[in-house]
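Inspection log for the structure reproduced underneath, given as structure tokens.
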Amino acid sequence: MTGWNIDLPGTMYLSGDSPENEKQWMVNALAGAQHIAIDTETTGLIKWKDIPLYWSVAWDNYRATLRADTLYYFTNVFADPEKDWILANAKYDMHILANVGISLLGRWNCVQVMHSLLYEDKPHKLKYICQEILGWTWADFQDTFGKIGKKQSAEDVIRKAEYSDMQLLIEYAANDAWGTKGSFWELKKQLESAYTYSLFQNIPPYIDTLWDFFSKVERPYTKVLWKMERRGILIDVPHLERSEPTARKEIIAVEKEITKLAGYNINPRSTPQLQKYFFDEQEMTPLKMTKGGKSGVRKPSVDEKFLEYHKNDSPMAGLLMTHRELSKLHGTYIIGLRDLCDPSGRVHTSFNQDVARTGRLSSSEPNLQNIPRPENDKWNLRGAFITMPGWGMVACDYSQLEMRLLAVAAAEQDMADVFNRGWDIHCGNASLMYNVPYEDVTTGKKLAKDADSMDGVELIGVAEEKSPGISQRAQASGSSLAAYLRLCSSHRSDAKNIGFGLNYGMGPKKLANDLGCTKQEAIQKIDTYKATYPAVTNFFKEAVEEARETGYSFTILGRRRNLPQILSNNRSDRAAGERLAVNTQIQGSAADVTRMAQLNIDALGLDRMYNCHMLLQIHDELVFECPQECVEDVKLEVEEMMQHPFCKDLLVPLDAEAGSGVSWGEAK
DNA sequence: TGTCCCGGCGCG
DNA sequence: AAAGCGCGCCGGGACA
């Protein structure tokens with residue numbers, strides 16, 4: 001009757017109506033168990049609202065389904081700080097339990113997170129995990145009792161099941177807990193035997209195996225993320241409500257112009273219709289083709305590059321650019337954000353720990369890691385992330401984290417020195433690459449734009465003040481000061497594009513495209529960069545070799561990513577693997593750094609010290625709220641913690657700078 | 001009505 | 001033939 005492909009023990013059942021001795025037996029049994037898998041059947045999927053109807057547990061060779069009204073008998077069990085709780089999608093169940101006042105101390109072992117450390121490219125849903133690593137399958141709850149959706153809520157389905165076949169409900173409710181328990185032990189075994197490379201093998205946190213990485217980093221991190229999700233961030237909903245009609249009207253106005261220009265009703269959101277307009281009717285030349293997807297039919301692209309390219313010769317292109325900008329902000333951010341707020345105006349994102357292959361977080365429902373930057377946003381959406389009266393927002397972000405970690409990974413002393421001097425990295429790179437004084441590059445960056453419109457004498461005065469001797473050097477190079485400044489400025493932009501690009505494995509063709517030069521010139525520039533930083537060049541080579549030999553790319557803390565394609569016979573697959581080998585190490589190590597900072601900040605107890613709460617992580621930025629009078633203290637604490645995430649310093653200092661204000665927009 | 005894929009685009 | 005990493009969400013359109 002269990003719907004399983006394996007034998008398993010019968011399911012005990014407990015409700016508030018059960019006899020006293022049965023309740024007592026269960027309380028004693030759970031109190032005596034070290035590891036307990038736990039799962040909830042809930043009224044729905046909204047983590048700040050929905051509540052448990054049933055909960056199920058599995059431990060040793062037992063399994064049980066319990067009605068939600070029994071939760072309070074187990075207060076002492078939940079309060080045991082030494083318990084190991086085992087869950088699938090741990091944060092969700094913990095939210096649901098918190099909604100009825102239940103909090104579980106002890107360790108939160110999420111099997112999805114465990115699975116993601118070993119099988120980055122596979123799905124991490126419980127059913128898949130069980131099938132894949134244990135060969136266990138069982139009948140699906142929803143297939144048996146009805147689909148949860150718009151027509152019927154999770155609660156409806158469970159109520160129906162209670163009525164139609166209570167015994168089956170009891171069995172099925174405990175299936176997930178049983179599968180969770182089984183996969184935990186198998187995954188633990190696999191993690192313990194998975195040795196890894198870490199910079200912290202012989203110093204804290206002592207990471208030798210993936211189990212070390214899980215138990216010392218990922219497991220405590222789950223709880224930190226849960227606290228952030230639980231707190232949520234306050235949204236200025238009235239601000240959004242005020243912007244919404246205006247935004248909508250602006251979009252409609254642009255749509256009218258588009259219709260007028262086309263001469264017929266065209267939907268500016270429809271790529272097929274736009275392709276027809278531009279390439280069939282206007283007979284314009286495509287810049288590039290789309291990927292073609294499953295069918296493989298490649299069509300001319302109507303992306304931003306195309307519109308930008310034609311904005312002067314085709315009025316339609318300009319209108320569409322405006323339309324896309326407005327409708328993106330309206331649909332995704334104004335409407336999207338408003339609809340996900342709780343009644344108190346706070347929004348509770350999910351910080352997903354088991355998604356990104358590099359070890360980064362992802363954020364969803366809503367994604368708070370892609371809120372527009374102020375310069376691209378006429379509605380100032382970051383200004384809509386606010387604090388309560390008397391409170392302040394603190395935002396602290398790393399400066400050039402990935403670049404610094406590249407210098408660390410490569411042990412590139414010249415680049416490290418650029419950071420040690422506190423220089424702008426791209427100006428420093430340009431200075432070393434093109435053998436030009438650092439001050440000339442910074443001056444060029446500042447003045448190149450206005451050089452032509454400035455009075456010659458004035459220009460010399462300003463430039464000489466910033467970089468003494470610059471006019472002489474310009475003369476020596478045989479060009480005017482203005483031209484020399486533009487040259488220095490273009491050196492910086494070269495260095496910036498190459499610096500970022502090489503981390504991603506960018507080729508000369510794309511670089512040439514971005515810099516507006518020939519492929520030959522691009523190759524030349526890359527060579528100059530590689531010659532300037534031989535250790536970086538060597539690092540790129542060794543990262544690829546290591547991945548070829550071990551099959552993996554490793555981050556600073558020892559997270560690994562399997563890269564089988566690096567041995568592929570297919571050229572492009574192999575090249576992709578080589579790009580990943582480099583990038584995963586850098587991006588993943590940056591993720592490690594932010595993670596450690598978050599763990600340390602949590603352990604320090606800023607919440608108790610200052611009533612300070614971590615709200616957001618945007619890869620290299622952390623956002624907090626605290627009472628106004630604590631803002632300055634919090635800024636200092638956070639900067640210090642972010643700058644020193646490890647128990648030993650790296651070759652390159654990490655720089656993090658905090659700002660504050662009453663909103664996220666102000667705090668940057 | 002629901003589900004999937006796609007092109008496009010927001011962020012780091 | 002084409003070749004930049006990592007995400008999530010929107011609306012359109014195809015299909016069941």
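Every chain is numbered from 1, with letters handed out A, B, ... down the list of sequences. This is a predicted model, so every value here is computed, not measured. Atom set for the values below is all heavy atoms of this structure, side chains included, hydrogens, waters and symmetry mates excluded.
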Looking just at side-chain N and O atoms, do S589(A) and D592(A) make a donor-acceptor pair shorter than 3.5 Å? no
Ignoring backbone atoms, establish whether R382(A) has a side-chain N or O less than 4.0 Å from OP1 or OP2 of dC11(B). no
From the list dA3(C), dG8(C), dG6(C), which nucleotide is the closest neighbour of the side chain of R561(A)? dG6(C)
Is the distance from OP1 or OP2 of dG7(B) to the nearest side-chain N or O of Q275(A) less than 4.0 Å? no
Here's a test of your reading of the structure: between D514(A) and T271(A), which maps to the more 5' nucleotide of DNA chain C? D514(A)
What I want to check is whether the side chains of H115(A) and D354(A) have a donor and an acceptor closer together than 3.5 Å. no
Looking only at dG2(B), dG8(B), dG8(C), the nucleotide nearest the S364(A) side chain is dG8(C)
Is N367(A) near enough to dC7(C) that one of its side-chain N or O atoms lies under 4.0 angstrom from OP1 or OP2? no
Could you tell me whether S301(A) contacts a base, only the sugar-phosphate backbone, or nothing, with contacts defined as non-hydrogen atoms closer than 4.0 Å? sugar-phosphate
Which base sits across from dG4(C) as a Watson-Crick or G-U pair, both distances under 3.5 Å? none
Can you check whether R357(A) has a side-chain N or O nearer than 4.0 Å to OP1 or OP2 of dC7(C)? yes
Hydrogens and angles aside, do Y533(A) and N429(A) bring a side-chain donor and acceptor to less than 3.5 Å of each other? yes
Report yes if a side-chain nitrogen or oxygen of T290(A) is closer than 4.0 Å to either non-bridging phosphate oxygen (OP1 or OP2) of dG7(B); otherwise report no. yes
Examine the base of dG10(B) for any acceptor or donor lying under 3.5 Å from a partner atom in the side chain of R373(A), and report the outcome as yes or no. no
Minimum-distance nucleotide to H619(A) side chain [options: dG12(B), dG13(C), dG8(C)]: dG12(B)
What does N267(A) touch in the nucleic acid at a heavy-atom separation under 4.0 angstrom: a base, only the sugar-phosphate, or nothing? sugar-phosphate
Grab the two heavy atoms, one from S314(A) and one from M284(A), that are nearest each other, plus how far apart they are. CB-CE, 4.2 Å
Below the 4.0 Å mark, does dA3(C) have OP1 or OP2 next to a side-chain nitrogen or oxygen of R579(A)? no
Per atom distances to the Y504(A) side chain, the nearest of dG13(C), dC5(C), dG8(C) is dC5(C)
Counting only distance, no hydrogens or angles, is the base of dC9(B) paired donor-acceptor with the side chain of K328(A) under 3.5 Å? yes
Does a side-chain N or O from S572(A) land closer than 4.0 Å to OP1 or OP2 of dA1(C), or not? no
